[in-house]
Amino acid sequence: MIFSILVLGAPFNSQSSYSAFRFVKAALESEHTIYRVFFYQDGIHNSSAIATPPQDEFNLYQGWQDLQKKYSLDFVTCIAAAARRGLLNESEAQRHNKDNSNMAKQFDLSGLGQLVEATALSDQVITFGQ
Amino acid sequence: MNQPETKRILIVNQSSPYSSGNAKESLDLALAAGTFEQDVSILFTGDACYQLLAAQNPKEIDSKNLNQMLKVLPIYGVENLFVDQQSLFDRNIKHLDEDLKIIKVSTSESRELYQNATTVFRF
């Protein structure tokens with residue numbers, strides 16, 4: 001089965017992004033395909049490069065980054081949702097004249113068309129959050 | 001972008017217009033899906049009914065008028081707008097913005113919308 005995943009909840013604030021993480025991991029371990037993980041609304045916070053949970057807690061941010069590297073996953077963060085919430089990669093930071101960027105490089109910034117395309121090309125889209 | 005097969009997308013909107021980003025961000029998704037020529041329907045239910053009122057003045061709270069943005073949906077090919085009749089009744093809403101071509105549906109009709117959709121997004 002080809003899945004795409006829509007993550008709408010912020011880490012820690014809600015369980016939804018951790019559930020999404022576990023689902024993606026379980027799907028890949030049972031030989032399903034993850035076409036794309038799309039981060040939208042508060043879900044964009046999962047792509048933070050600087051969030052630092054206490055050391056005795058599970059680091060979901062690192063978890064996503066490791067998962068992306070291990071399986072070469074397509075992680076897309078909504079560019080408009082991210083910019084309005086203060087999450088920018090290097091080129092966006094430059095474009096908006098900001099001193100710093102704060103987005104992990106395992107995530108690509110792009111538009112909602114990527115979610116629409118993922119919907120069209122996947123058997124199922126599973127939403128986490130809302 | 002690859003040439004995708006057309007899916008039937010249902011966007012279920014259940015949030016009031018200005019209390020969160022849901023109304024705006026679901027509208028953005030609807031516009032994107034319309035742009036990519038997908039079959040999109042929107043169902044307004046619960047407090048989302050308030051998005052459909054005429055004469056909104058969100059300038060007072062420094063917000064964009066979402067109701068005006070809803071009106072551009074048909075230009076993007078999103079023409080199937082539905083509202084849950086019971087939600088309107090519960091809120092004593094009798095008049096919707098007449099510029100919006102929106103169809104009132106019963107509970108069983110909205111159930112059909114869910115059944116006909118291949119993908120449902122809720123906001």
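In what follows, every chain begins at residue 1, and chains take the letters A, B, ... in the order their sequences are listed. Only heavy atoms go into these numbers, but all of them, side chains included; no hydrogens, no water, no symmetry mates.
Both the backbone and the side chain of A/Thr119 come within less than 4.5 Å of a heavy atom of chain B. At a 4.5 Å heavy-atom cutoff, the contact between B/Ile9 and chain A is made by side-chain atoms alone.
By the neighbour-count criterion of 12 heavy atoms within 6.0 Å, atom CD of A/Glu29 is densely surrounded, having more than that number from other residues, nucleotides or ligands. Counting non-hydrogen atoms of other residues, nucleotides and ligands closer than 6.0 Å to OH of B/Tyr76 gives a total of 12 or fewer.
Of the N and O atoms on the side chains of B/Lys94 and B/Asn92, at least one donor lies less than 3.5 Å from an acceptor on the other residue. With no hydrogens or angles considered, no side-chain donor-acceptor pair links B/Ser110 and B/Asp84 at under 3.5 Å. Counting only N and O atoms by type, the side chains of A/Glu117 and A/Tyr35 include a donor and acceptor under 3.5 Å apart.
Proximity of a side-chain donor or acceptor of B/Ser41 to a complementary backbone N or O of B/Leu10 within less than 3.5 Å is not detected. Of the possible polar contacts, one joining the B/Arg91 side chain to the B/Ser87 backbone as a donor-acceptor pair under 3.5 Å is found. A donor-acceptor pair is defined here as one N or O able to donate and one able to accept, closer than 3.5 Å; such a pair exists between the side chain of B/Asn65 and the backbone of B/Gln56.
The shortest distance between side-chain heavy atoms of B/Leu73 and B/Val40 does not fall below 4.5 Å. No side-chain heavy atom of B/Val12 sits under 4.5 Å from any side-chain heavy atom of B/Leu113.
Interface with chain B: from residues 73-95 of chain A, residues A/Ala81, A/Arg84, A/Arg85 qualify, criterion being any non-hydrogen pair under 4.5 Å. Of residues 54-71 of chain A, no residue lies under 4.5 Å from chain B by any heavy-atom pair.
Across all their heavy atoms, A/Ala10 and A/His45 have their closest contact at CB-CD2, 4.1 Å.
By number of non-hydrogen pairs under 4.5 angstrom with chain A, the leading residue of B/Asp28, B/Thr35, B/Asn22 is B/Asn22.
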